[in-house]
S.K.: 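Can you keep this structure in mind? I'll have questions shortly.
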Amino acid sequence: MESISKQEIDHVDKLEPLEGTPSEHSLAVNPAAPKDDTRRSLEIGTPLVQGGPAGIFIAFVLWSTTILASNNCLAEMVVWMPISSPFIRFIDRFVDPALGFCAGWVYFLAQATALPFEIVAFNLLLRYWTDKIPVEAMSTALILIYILLNFFAVKFYGESEFWLAMGKVILMAGLIAFTFFAMIGVNPLHDRFGFRNWKPENVSGAPFAEYITTGPLGHFHGFAACVIQAALIIIGPDYVAIAAGEAKDPRKTMPRAFATTVHRLGSFYILGALCVGTLLPYNDPDLVKSVTDPEPGVGSSPFVIAMHRLNIKVLPDIVNALVLTSVFSAGNTYFYIGSRTLFGLALEGKAPKFLAKCNKKGVPVYTVAVMVLFSLLSFMQASEKGTVVLNWLLNLLSSAGILVRAFTSLAYIRFYKALKIQGKDRNQLPYRSRLQPFLGYYSMIAMIFIVIVYQYPLFLKGRWNTSTFIFSYGVFVIVPVLYLGWKWWKKTKSGGTLKEPRLLKRESRQSNVELTNWEKSAEVDQPHSANHTQRKLKNRHIQLIGIGGTIGTALFVQIGASLTKGGPGSLFLAFTIWCTFIMAVNNCLSEMVSWMPIPSPFIRYADHFVDPALGFAAGINFFVFEAALIPYEIVAFNVVLKFWTDKIPLAAVICFVMVTYAFLNLFAVKYYGESEFWLALGKAILATGLIIFTFITMVGGNPHKDVYGFRYWDPSSVSGAPFAEYIHEGNLGRFLGFLACLISASFTIAGPDYVAMTAGEAQMPRKVLPTAFNSVFYRLTTFFVLGSLCVGIVVPYNDPDLLRAISDARPGAGASPYTIAMNRLGIPVLPHIVNALVLSAVYSAGNSYVYCASRTLYGLALEGKMPRFLTRCTGRGVPIYCVGITLAISALAFLQLSQSASIVLTWFINLVTASQLLNYATIAFTYSRFYSALKKQEISRDSLPHKSFWQPFSA
């Protein structure tokens, strides 16, 4: 049986990740963050009520030793062979393939069913503040974010989980610190309660509570209940192990990650259990009520109850916010772990083979898609019966994770024996754990015992419940059926071997793509000369240029006009739909530009693949479009300034902007790249800040404490919402409103052409450009889709102030829906910050137009479609004559000085407005010819530096 692929072994030998790259800091922090069942971590007051402070503390200490034993077993095997879904495949290899099949599917189902529950828990936590946010809307948003973080390179999951896990660490450390300071008297009541709640003279029956019955037997039941709760709350190191196949330098980073388990258990779980029993007496009336009738969010947490008791008003909201991130992180983790477990099963032939396929970034896209389907179960919370079914499903697999960890310990015992029988010294392993094989036996027996006694109170007199029994012990039916079924079907034999696969030698991979004469003329890697542009733009420059090129003032200001025409529903749908068109254009352009990163690429591709006449027309069209927008942006800069004052002369503003554009574009391209990097960063901060502003204010984080949620989408609150009528009444009017929003989106959302224009001056273009093009999806989703959603949330589409601002053409951010919302909520400072960042966005847009227009003209000259002298460059690689002509056209901004002449400028702008759409159509048509040429010449697209998806359908 070939359990481990050659590719995996090759990567382990080279200490490289398979494709994704969770970094060392991701692995270091992730295990430190408690990976717990959210419901039970919030209800940690339950074991305190059942067992008392001493019962919960001893139980958590005892179970931590079991987890530490399991950690030692897993660490030794995973560091020896850091592969995908390791412990599942170790059970297969060292025990029995049938048990591996059984453990894998049980573990996968446990993770997959926990995912929708975390989405439900997220909604419950929000209810601590408000219940006005639709459950369906929030569930949809969470699922989309999980898709975003998991469908792409694993480094995005690793980075997101790093920061989310930091929030968990801060929360746990903060609660422990809060307990210490509060118990020594640093609280509003100055009450030095110390360990008062542990003393029987202060709290009757402390420190051990009676549960089910009285006396010593009641104390035992209380302690047993705490141990069972600890087993469900304290999760083992399997979350670290599952990342082994995608970790950088696994045999270096994984031992450190496993070592943090000791600190995690001691710092968070043991100290946490101690703190809970210190803050409140186990028989506190509010605590007992929270167990029998739990409040939403952290209202049932012993920490929050103690904060209310001590008259601390702010901390509960902070705790709820951090727990909210904790729940989000838990769902994110279940999404990742579930997909990787299913991927490991597919690699072993225990799931359909197509699930083992990965994209170029090493993401198992089909298994991720399966997790998306499971996440949809969260919508069952919309009905009462659906919620009951969801809880049954979760309870059915609650103990499955513990059982799989017991199987992992069994796998280690077999691994240990195989080493001994075959005469292999454990000192030769990359990592050796201590006290083996005793810890293996201890953890296996303890975990199996807990699974058996999980619901032992059911068997006591008068406590029987059939449905609870079925869903608590159903795993004892599922496991034998899976195990015996696979064993019968595949006729597997137990008794794995320790035959470590041969480590493959490192092989150099060389591209088999032959360069044509035209490719060679592109000078991708050739030295610079005085008559050519130079490759001075770095990766970070290109990434931010791509952001700066796509985000304009329309996203922040003019988008309000679209909202009034179509309403929030039409605006959101229109922007989402148009983003798919831009993504399709991006797919076309990315493949061609990565293959041939030359100056003015898509202009010259039209010449090369379609017709020189089309290349000429497309080039002139794009140049005129970009050049005409420069004076428009200069005038817009002056208009934004009028938000503060109208005393600055227009001519002075125009001269200032033109001179700075000349400075940034007439010298080395690195100055343009550096300036655009910081200007685009300002745009990204503005867009992100406004999205955060929307979320915080909609849940009540505003001076008026107004929890407005999706109020302006509700027709009972806003007449005609969420789809407005435009021009006509009824359905035709709503359709025209949607059409108006779609047209607005087509002019607001810029495409990837700004990234493409940097191709001739990018360093390492065939490495950098694919990454830049891939990030287009995140920009579209984050800034435009979420941005259009936010605008419809902060103000109603028929808001009188918004309509008045549009009709009066208020300067700067005065007509922005965000500014109107800020003024209404009594937030005085933010409008000025928004206007300042809009000012930088306008300046950045003009700067980009100067660069793109000059490079387009340069590309036309290289193709012989413009005078030859325009191809001349300075010693720094700047096409100086092209930049000079572009800056000369920008002088049209002076037309604004005369009222009659300004009308001519407006006509000129309107004349070229649709040029951008024609440009996109040209790109798509050019790609279709490029695709056909590859097919006819029998050139595989897999040989290209970058291969886009869904082609030629995207084109």
Side-chain angles (χ1 to χ4, degrees), residues 35-43 85 87-88 101-125 135 138-140 142-143 146-147 150 231-233 235-236 238-239 242 326-346 350-351 355 364 366-407 450-451 454-455 467-479 481-482:
K35 304 286 186 185
D36 52 0
D37 181 291
T38 306
R39 176 187 59 177
R40 296 190 183 278
S41 65
L42 289 176
E43 296 177 356
S85 305
F87 55 92
I88 304 298
F101 171 80
C102 169
W105 276 101
V106 167
Y107 190 76
F108 164 72
L109 291 173
Q111 304 300 309
T113 52
L115 172 60
F117 188 81
E118 295 301 328
I119 296 174
V120 174
F122 192 92
N123 283 295
L124 290 175
L125 284 167
V135 169
M138 186 52 63
S139 298
T140 302
L142 283 175
I143 292 170
Y146 286 152
I147 291 171
N150 287 273
L232 296 171
I233 291 174
I235 303 301
D238 35 319
Y239 291 96
I242 211 79
S326 176
V327 172
F328 177 85
S329 170
N332 196 30
T333 301
Y334 290 138
F335 205 114
Y336 173 81
I337 300 298
S339 63
R340 271 34 179 202
T341 303
L342 192 57
F343 174 68
L345 287 167
K350 295 178 173 63
L355 294 174
Y366 294 108
T367 61
V368 171
V370 171
M371 291 302 296
V372 174
L373 296 178
F374 271 94
S375 69
L376 299 178
L377 291 174
S378 60
F379 289 104
M380 293 174 71
Q381 67 183 305
S383 72
E384 189 174 345
K385 290 183 179 179
T387 304
V388 172
V389 174
L390 189 59
N391 280 321
W392 283 350
L393 194 60
L394 185 72
N395 290 333
L396 183 64
L397 294 160
S398 290
S399 58
I402 302 173
L403 194 60
V404 171
R405 290 179 199 112
F407 293 157
I450 284 294
V451 173
Y454 170 50
Q455 284 287 1
S467 62
T468 303
F469 173 78
I470 291 172
F471 288 104
S472 297
Y473 289 100
V475 69
F476 286 103
V477 176
I478 295 172
V479 168
V481 167
L482 290 174

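Position 1 is the first residue of the sequence, and the numbers go up from there.
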S.K.: For the OG atom of S375 and the CG atom of L142, what is their distance to the nearest 0.5 Å?
M.R.: 9.5 Å
S.K.: Check the pair Y366, L342 against side-chain contact (heavy atoms from CB on, under 4.5 Å), reporting the backbone distance first and the verdict last.
M.R.: CA-CA 10 Å; Y366 294 108; L342 192 57; over 6 Å; no
S.K.: Distance check, rounded to the nearest 0.5 Å: L403 atom CG versus I450 atom CD1?
M.R.: 12.5 Å
S.K.: Please report the shortest heavy-atom distance between G104 and T341, naming the atom on each side.
M.R.: O-CG2, 3.6 Å
S.K.: Can you tell me how far the SG atom of C102 sits from the OH atom of Y107, to the nearest 0.5 Å?
M.R.: 14.5 Å
S.K.: Less than 4.5 Å apart, side chain to side chain, heavy atoms only: is that true for I119 and Y146?
M.R.: yes
S.K.: Just how far is it from atom CE of M371 to atom OH of Y336, taken to the nearest 0.5 Å?
M.R.: 12.5 Å
S.K.: Nearest 0.5 Å, what's the CG-OG1 distance between L377 and T113?
M.R.: 8.5 Å
S.K.: With a 3.5 Å distance limit and no angle check, can you tell me whether S339 reaches the backbone of V368 through a side-chain donor-acceptor pair?
M.R.: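 Not confirmed, S339 side chain does not pair with V368 backbone.
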S.K.: According to the interplanar angle, ranging from 0 to 90°, do the rings of F108 and W105 count as parallel (below 30°), tilted (30 to 60°) or perpendicular (above 60°)?
M.R.: perpendicular
S.K.: What heavy-atom pair brings F343 and L355 nearest, and what distance separates the two atoms?
M.R.: CD1-O, 3.7 Å
S.K.: Can you confirm whether F328 is buried at CZ, in the sense that more than 12 heavy atoms of other residues, nucleotides or ligands lie under 6.0 Å from that atom?
M.R.: yes
S.K.: Given side-chain contact (heavy atoms from CB on, under 4.5 Å), test V372 with F335 step by step and report yes or no.
M.R.: CA-CA 8 Å; V372 174; F335 205 114; 3.5 Å; yes
S.K.: Is any side-chain heavy atom of Y454 closer than 4.5 Å to a side-chain heavy atom of V475?
M.R.: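 With C-beta onward as the side chain, the pair stays apart.
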S.K.: Looking only at heavy atoms, what is the nearest atom pair of Q111 and Y334, with distance?
M.R.: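 Heavy-atom minimum between the residues: OE1-CD2, 3.0 Å.
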S.K.: Quick one: pull up CG in L115 and CG in L373 and give me the separation to the nearest 0.5 Å.
M.R.: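 Here the interatomic distance stands at 11.0 Å.
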